[in-house]
Amino acid sequence: MPRYSAAEIEANWQKAWDEAGIFRAEPDPSRPKYYVLEMFPYPSGRIHMGHVRNYTMGDVIARHKLATGHNVLHPMGWDAFGMPAENAAMASGGHPKDWTYQNIADMRAQMKPLGLSIDWSREFATCDPEYYGQQQALFLDMLEAGLVYRKNAVVNWDPVDMTVLANEQVENGKGWRSGAEVERRELTQWFFAISDMAEELLEALDTLDDWPAKVRLMQENWIGKSRGLQFAFGLNDGPENFDRIEVYTTRPDTLLGASFVAVSPDHPLAKYLEKDNVDLAAFSAECRKGGTTEEALEKAEKRGYDTGLTVRHPFDTSWELPVYVANFVLMEYGTGAIFGCPAHDQRDFDFATKYGLPIIPAFLPAEDADPHLTEAYVPPKTEPVHYVSSFAGDTWQTGAEAIDATIDFCEANGVGQGVTKYRLRDWGLSRQRYWGCPIPVVHCDACGVVPEKKEHLPIRLPDDVTFDIPGNPLDRHPTWRHTSCPACGADARRETDTMDTFVDSSWYYVRFTAPRADTPTELAAADYWMNVDQYIGGVEHAILHLLYSRFFARAMKVTGHLPSSAVEPFNALFTQGMVTHEIYQTKDAKGRPVYHLPEDVTDGRLADGTEVEIIPTAKMSKSKKNVVDPIGIIEAYGADTARWFVLSDSPPERDVEWTAAGAEAAHKHLARVWRIASEIAEGVASASPDSDDALLREMHKAIHDVSTGVESFGFNAAIARLYAFTGVLAKSEAGTQAKREAARTLAQLMSPMTPHLAEELWHMLGGEGLIATAPWPVADPAMMKDDTVTLPVQINGKRRTEIQVPQDMPKDEVEAIALATEAVQRALDGGQPKKVIVVPGRIVNVVV
RNA sequence: GCGGGCGUGAUGGAAUGGUAGACAUACCAGACUUAAAAUCUGUUGGGCGUAUGCCCGUGUGGGUUCGACUCCCACCGCCCGCACCA
């Protein structure tokens, strides 16, 4: 008997699928549609195990849906703009375009052997002019709809990548890509008006039942809704045009505990005062350059500069409070100014202690509590406390009640308004880079900023650029920026900024529904295919990409590029875990760690016998040398083995540890299935198909459990059931006919995970056509049950014995049998049970 | 600091409130073999016992329940996200 040869099988069946065109997706009203999408890859040049896991999961869903009669759309493309291409060009002198397209070709070639059920006819890269030209059209429509605007703003400047970053792209004060300390610069930039949709984006999170709660929560926190009071303190003897300081607070109930007002160094008042005050200028400069990293903030002292100015308390104009410029007040949030209440905020308490400011409690735990606090008193908002003076009758209130009462009181007395604020800021999309989608506008001396005409699109990137000096090559290109004004025809300059690459990935999922359309989208196609039914990707995109996409789906509805029925882009989201591996480490002469590749380590030793230290497990990374290359695995064992392994053992949302032993075992199992099926196929069909109840039962259980597992991302449990079924099949004494049936079902159940092997088995066992399009088997609940069932019998909740009873025996008969058992009789010792619980088909519990 | 999640054999992990440890790995033993590989079979939570069997066991302590890995409370540990957000 020949051995299981994955290489041969896999190439053959990929060809067969290709020729049959079964993964080509076209609208078909006779079948329910199903759009499954994995987050498309950045073309780095090499696929890794994370890709394999991600795409395999999507493929299992897609193939299962195809077999259950759905019209499946399962596309693939390339998130192809971005810095690495430019960095590569700078390092090696090539062109980002060549580098990117070569990488795409390489990665496509590496991906194809995986046998994914992808409609490759819909493939595109975001750097194709056909794609980014449509993105420019979309941009112009958004501009017209007021969803994009230009403003002068303090932005995050990445000094290494020499470009602006969105707030979401700054992590702990560092650029998300370069890791460089982000600087603050004032520039005129383009912004998407995402914050206008803050409330809608927040509210709609509740409708995303099939998203991980964790991701919804992260977005909720990011949007950061808060309700508070905005009001002003009157300023005494302020400079011209400054007669008040607006503040925002979420704890207006602490107003009577106010002891100072502090403004940000970037507040207009501070900036004004700075002009004539060298000390303040120096203080502010110090604050601005201070790092914004976590440690820096933790350690940074809360410092203030006393401006000498005072403000009047809104409820008692004779009550004067000092005005400070303080390093911890952010211009970006609220009004850039706060009032400090040391009694109920630890940071304010520290500040007040340092500068000798009064600490006045607005409320206390009890009427007779000591008002001299040694630290800030901050009870939960739901806990009733005693207010020293109340804005609403009752002096015993919870914080939440007092806040509402205070806002009502202030509004009634014209002191301020209750306002809702969001932490979410508008999305700055301008990037001073070459390898991105050009922003299609023109700067004209006479007309100002003018949108490019749609018939001029795409505004193509010039090919003749150099990367020998830092900065944006578009800026210094000799001719590219020179153009004429679309409005008046005079000489004008093109915008040289390009779009953030997150724009590209914010609408690609719609483009897949009509990838060659000469408008950004085709309404009919979008209407048919959208929304994405199942989206799969890494949790690292929980905020950026997913929030931007949710914004874009709404924006595209406004501009008419999506039907009004569309609301959310992704009905269901699954965030899969990473593929990890042990790290092998030795130390060099100086005690520094040296890492070793998995293939260089055998039984914990290097080839020369040196013992390596095994560091448990971590995400695969080049620097730690714990990367297992999927290509090597596919060559050694075949794609089906790689696919089977990444799905087994660990639940898909958790990390899975790649082990050589596990991969080996996966391959052995597939070879075993192949062997079992071959033997069955070669067996002479017996005239009388001897059935085997145990086999049939296991088969129907497998159908049920695998179907459920595949539908609910329980791939590991589905695979466990398949192992069990295989074991029963191998041992079955049934006639060849019955075994053939069972083996065919096994092949079908395995087909989403190991599609090539499944086709081979199907073919071997005489299945009709392709297994990929064969109807998915249906479990018969009646067949899953045994005629008799083993019931555990508990005495006082502890399992003592078991009984065999017919499946449908009435409760009282089961009870009688249970009571008659030796174990129960012994426990009763002649007495009567206090209680007997019989759960049919489950358990009997006797309480004595 | 705020928010969320997770703690089960040597290991990855199963388990609608109903036989804890499915399935796999690893280990051990056996069959086949001159031998090895491959394959097949069996054992494996801890303890006591010749044995029918008994006791303990899902991070710790308590609670609800006939019955708790599962629900509730407190604590311990680990992981993740956000964070000078007023």
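Everything quoted here is computed from the prediction, not taken from an experiment. Below, chain A is the first sequence line, B the second, and so on; all start at residue 1. Just so you know, these numbers use all the heavy atoms, side chains as well, and skip hydrogens, waters and symmetry mates.
Annotation: B/G63 and B/C69 have their P atoms spaced 15 Å apart (nearest Å). Atom name C1', nucleotides B/A20 and B/G46: the rounded distance is 14 Å, in whole Å. For the C1' atom pair drawn from B/C48 and B/G57, the interatomic distance equals 15 Å after rounding to whole Å. Going from the P atom of B/G3 to that of B/G12 covers 30 Å, rounded to whole Å. Comparing B/G9 with B/A22, their C1' atoms are spaced 13 Å from each other, to the whole Å. Of the P atoms belonging to B/G5 and B/C85, the separation is 23 Å, rounded to the nearest Å. Annotation: B/G59 and B/C6 have their C1' atoms spaced 11 Å apart (nearest Å). Taking atom C1' in both B/C28 and B/C76, one finds a spacing of 37 Å when rounded to whole Å.
Protein atom CD of A/Glu540 is 12 Å distant from nucleotide atom P of B/C82, rounded to whole Å. One can place OH of A/Tyr324 at 18 Å from C1' of B/C84, the figure rounded to the nearest angstrom. Whole-Å rounding puts the A/Ile223 CD1 to B/G3 P distance at 19 Å. The separation between A/Ile795 atom CD1 and B/G53 atom C1' is 13 Å, rounded to whole Å. The nearest whole Å value for the distance from the CG atom in A/Asp348 to the P atom in B/G1 is 18 Å. At whole-Å resolution of the value, CH2 in A/Trp658 and C1' in B/U25 are 14 Å apart. The interatomic distance linking A/Gln230 (CD) with B/C85 (C1') rounds to 14 Å, in whole Å. In this structure, CD of A/Glu815 is placed 13 Å from C1' of B/C66, rounded to the nearest angstrom.
Relative ring orientation between A/Phe233 and A/Phe339 is described as perpendicular, the plane-to-plane angle rising above 60° on a 0-90° scale split at 30° and 60°. In this pair, A/Phe574 and A/Phe713 present their aromatic rings parallel. The plane angle is below 30°, not in the 30 to 60° band. Between A/Tyr324 and A/Phe260, the ring planes lie perpendicular to each other; the angle is over 60°, past the 30° to 60° tilted range.
Nearest-nucleotide positions on RNA chain B for A/Ile338 and A/Asn221 put A/Asn221 closer to the 5' end. Mapped onto RNA chain B by nearest heavy atom, A/Arg800 and A/Val847 fall at different nucleotides, with A/Arg800 at the one closer to the 5' end.
Among the heavy atoms of the strands lying under 4.0 Å from A/Val329 is at least one base atom, whether or not backbone atoms are also near. A/Lys668 comes within contact range of the sugar-phosphate backbone alone, with a heavy-atom separation under 4.0 Å but no base atom that close. Contacts of A/Lys731 with the nucleic acid, taken as non-hydrogen atoms under 4.0 Å apart, involve only primed sugar atoms and P, OP1 or OP2. Heavy atoms of A/Arg303 sit nowhere under 4.0 angstrom from any nucleic acid atom.
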Base-contact (B) and sugar-phosphate-only (S) positions in nucleotides 11-21 of chain B, heavy-atom cut-off under 4.0 Å, - elsewhere
-BSS-B-BB--

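Taking a pair to require two hydrogen-bonding distances under 3.5 Å in either a Watson-Crick or a G-U wobble arrangement, B/G12 pairs with B/C23. Pairing partner, B/U52: none, since no Watson-Crick or wobble contact has both distances short of 3.5 Å. Pairing of B/G1, defined by two Watson-Crick or G-U wobble distances under 3.5 Å, is identified with B/C82.
Within 3.5 Å, no donor on the side chain of A/Lys835 pairs with an acceptor on the base of B/C66, nor the reverse.
Side chain of A/Arg675, nearest nucleotide from B/C40, B/A86, B/U25: B/C40. For A/Lys798, the listed nucleotide lying nearest its side chain is B/C56; candidates were B/C56, B/A86, B/C23. Comparing atom distances between the A/Tyr723 side chain and each of B/C82, B/C54, B/C23 picks out B/C23 as nearest. Comparing B/C56, B/C85, B/U41 by their nearest atom to the side chain of A/Arg423 picks out B/C85.
In plain terms, the two heavy atoms of A/Arg672 and A/Ala730 that are nearest each other are NH2-CB, 3.7 Å. In terms of heavy-atom proximity, A/Glu246 sits nearest to A/Gln230 at OE1-NE2, 3.1 Å.
For the residue pair A/Tyr723/A/Ser648, the side-chain donor-acceptor check at 3.5 Å is not satisfied.
Within a 6.0 Å radius of NE2 in A/His704, no more than 12 heavy atoms belonging to other residues, nucleotides or ligands are found. The environment of NZ in A/Lys619 is sparse: at most 12 heavy-atom neighbours from other residues, nucleotides or ligands sit within 6.0 Å.
For the side chain to side chain contact (heavy atoms under 4.5 Å, CB included) with A/Ile403, the lone residue among A/Thr249, A/Asp253, A/Thr250, A/Thr254 that qualifies is A/Asp253. Applying salt bridge (Lys or Arg N to Asp or Glu O under 4.0 Å) to A/Glu199 and the options A/Lys421, A/Arg227, A/Lys225 leaves one that passes, A/Lys225.
Contact annotation: A/Tyr248 does not reach the phosphate of B/A86 (side-chain N/O to OP1 or OP2, under 4.0 Å). Of the side-chain N and O atoms in A/Arg347, one or more sit less than 4.0 angstrom from OP1 or OP2 of B/C85.
Glycosidic conformation of B/G9 is syn; the angle stays within 90° of 0.
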